[in-house]
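Working notes for the structure below.
Bear in mind that the values here come from a model prediction, so they are computed numbers and not experimental data. All chains are named by letter (A, B, ...) in the order of the sequence lines, taking the proteins before the strands, and each is independently numbered beginning at 1.
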Amino acid sequence: MTQQTSPDEVARIFDAEVRDAGDAPFEPSWNVAPTDPVTVVLQRDDGRAVERHRWGLVPPWAKAVKEGARNINARAEGIAESPTFRTSFRKRRCIIPADGFYEWQRTGGKRRQPWYLAPDTDDAVLALAGLWSVWKDPVSGVWVPSTTVITTDANDDLATLHDRMPVLLPQDAWAAWLDPEVQDQGLLLSFLRPAPDGVLEMHAVSTRVNDVRNDGPELIEALAEGDADDAGAGDRPAAEEPARSTGAGTGRRRAAQADTEGQGTLFD
DNA sequence: CCAGACGTTGTT
DNA sequence: GTCTGG
DNA sequence: CCAGACGTTGTT
DNA sequence: GTCTGG
């Protein structure tokens, strides 16, 4: 996924407060990879918080943090029963604010063609449905917050790329999803369905995104027409010093007003 | 009772 | 932590 | 998700 | 083929 929106901006959009920014400082990213820190929105006792969690849910019984790597996604089907996810589904739901996400298309050959998907409404932030947990490292005693992205069937827009997609929560579902007091599993599960068609724009991008060492706004640039099989940089080594764009105009978005309006229209 | 799993993706 | 398999 | 490793002994 | 790292 991509996360360019700053925690402060996310806090405005979701009516939350930034917490725990120190542990995993925010950097805009166009290539958020498993085990990387991700910005999440969740409900604490004293209000909504924007935090940074490790991507890949580490269950409480894990012996090592790496065990979370397998849990980067949680299938919506069975999420209420699975030992790894059910407690989080009942008590620790969150939203992962993403500017866009990637899907890899199997082309028949070995190469996987990445596509970038983002709201067709400029300035909207996607609200990916997620779960979170905390795990205490038995060796160091350090508490590690972690998160997972819930997936469901792909909608028709994505069907040619892949058969799954992240769950996108419409704005009118945010409050119930984040509220740990809400226990109506039927209601919660009803949110976990494919997004309506037409809310996402998609275009093929360079295979540079396939290497986690690459990052920067160039990763989401559309390939020229007919270049879908282009190697990009997938068969070349990643840059030794990957670009972290600090250029003007990146990592910023316009007023939250526009964001919330955009989001509000996504599922009308 | 203890040991071992606990997950998703995609491929065959 | 909790469930399943043996 | 994709990329990259997948191994030991011994030497510098 | 399968696992680990990011």
same_hphob_cluster(Leu188(A), Phe85(A)) at 4.5 Å side-chain heavy-atom cutoff: yes
Side-chain N,O (Arg213(A)) to OP1/OP2 (dG4(D)) below 4.0 Å: yes
Can you give the donor-acceptor pairs under 3.5 Å from side chains of residues 65-77 of chain A to other protein atoms, not counting sequence neighbours?
unit_1	atom_1	unit_2	atom_2	d
Glu67(A)	OE2	Lys63(A)	N	2.9
Glu67(A)	OE2	Ala64(A)	N	3.2
Asn71(A)	ND2	Leu57(A)	O	2.9
Asn73(A)	ND2	Val149(A)	O	3.4
Glu77(A)	OE1	Arg164(A)	NH2	3.0
Glu77(A)	OE2	Arg164(A)	NH1	2.9

Exam field: side chain Ser133(A) to backbone Pro59(A), donor-acceptor pair closer than 3.5 Å: no
Interatomic distance at P, dT9(D) relative to dC3(E), whole Å: 24 Å
Value in whole Å for how far the P atom of dC2(D) lies from CG of Asp215(A): 17 Å
Test item: Asp215(A) side-chain N/O and Trp30(A) main-chain N/O as donor-acceptor pair under 3.5 Å: yes
Sugar-phosphate only, base, or nothing, as touched by Thr35(A) at under 4.0 Å among non-hydrogen atoms: base
Separation of atom CG in Asp163(A) from atom P in dT8(B), rounded to whole Å: 13 Å
Side chain of Thr84(A) - closest among dG7(B), dA3(D), dC2(D): dG7(B)
Touch class at under 4.0 angstrom, heavy-atom based, for Tyr102(A) against every strand present: nothing
Interatomic distance where CH2 belongs to Trp55(A) and C1' belongs to dT8(B) [whole Å]: 12 Å
Short side-chain N/O contact from Ser82(A) to OP1 or OP2 of dG7(B), under 4.0 Å: yes
Mutual orientation of the aromatic rings belonging to Phe89(A) and Trp177(A) [parallel < 30°, tilted 30-60°, perpendicular > 60°]: tilted
Nearest-Å distance once atom P is located in both dT2(E) and dC6(B): 15 Å
Rounded distance (Å) that lies between atom C1' of dC6(B) and atom CD1 of Ile79(A): 14 Å
Touch class at under 4.0 angstrom, heavy-atom based, for Ile72(A) against every strand present: base
Rounded distance in Å - CZ (Arg70(A)) to P (dC1(D)): 15 Å
From dT8(B), dG1(C), dA3(D), nucleotide with atom closest to Trp61(A) side chain: dG1(C)
Pair partner, dC1(B) [Watson-Crick or wobble, under 3.5 Å]: dG6(C)
Asn210(A) side-chain proximity, nearest of dC2(D), dG4(D), dT8(B): dC2(D)
Atom-pair distance (CG on Asn71(A); P on dT9(B)), nearest Å: 12 Å
Sugar-phosphate only, base, or nothing, as touched by Thr151(A) at under 4.0 Å among non-hydrogen atoms: sugar-phosphate
Touch class at under 4.0 angstrom, heavy-atom based, for Ala69(A) against every strand present: nothing
Derivation and outcome, ring pair (Phe, Tyr, Trp, His ring centres under 6.0 Å), residues Phe14(A) and Trp174(A): CA-CA 9 Å; Phe14(A) 291 93; Trp174(A) 294 356; 4.4 Å; yes
Exam field: side chain His203(A) to backbone Ala224(A), donor-acceptor pair closer than 3.5 Å: no
Integer-rounded Å distance: dG7(B) P and Lys66(A) NZ: 18 Å
Rounded distance in Å between the C1' positions of dG7(D) and dC1(B): 40 Å
Rounded distance in Å between the C1' positions of dT12(D) and dC2(B): 49 Å
Touch class at under 4.0 angstrom, heavy-atom based, for Pro60(A) against every strand present: nothing
In one Ile/Leu/Val/Met/Phe/Trp/Tyr side-chain cluster, 4.5 Å: Leu187(A), Leu131(A): yes
Separation of the P atoms in dA5(B) and dG6(E), to the nearest angstrom: 24 Å
Got a list of protein N/O to nucleotides 3-6 of chain C N/O distances below 3.5 Å?
none

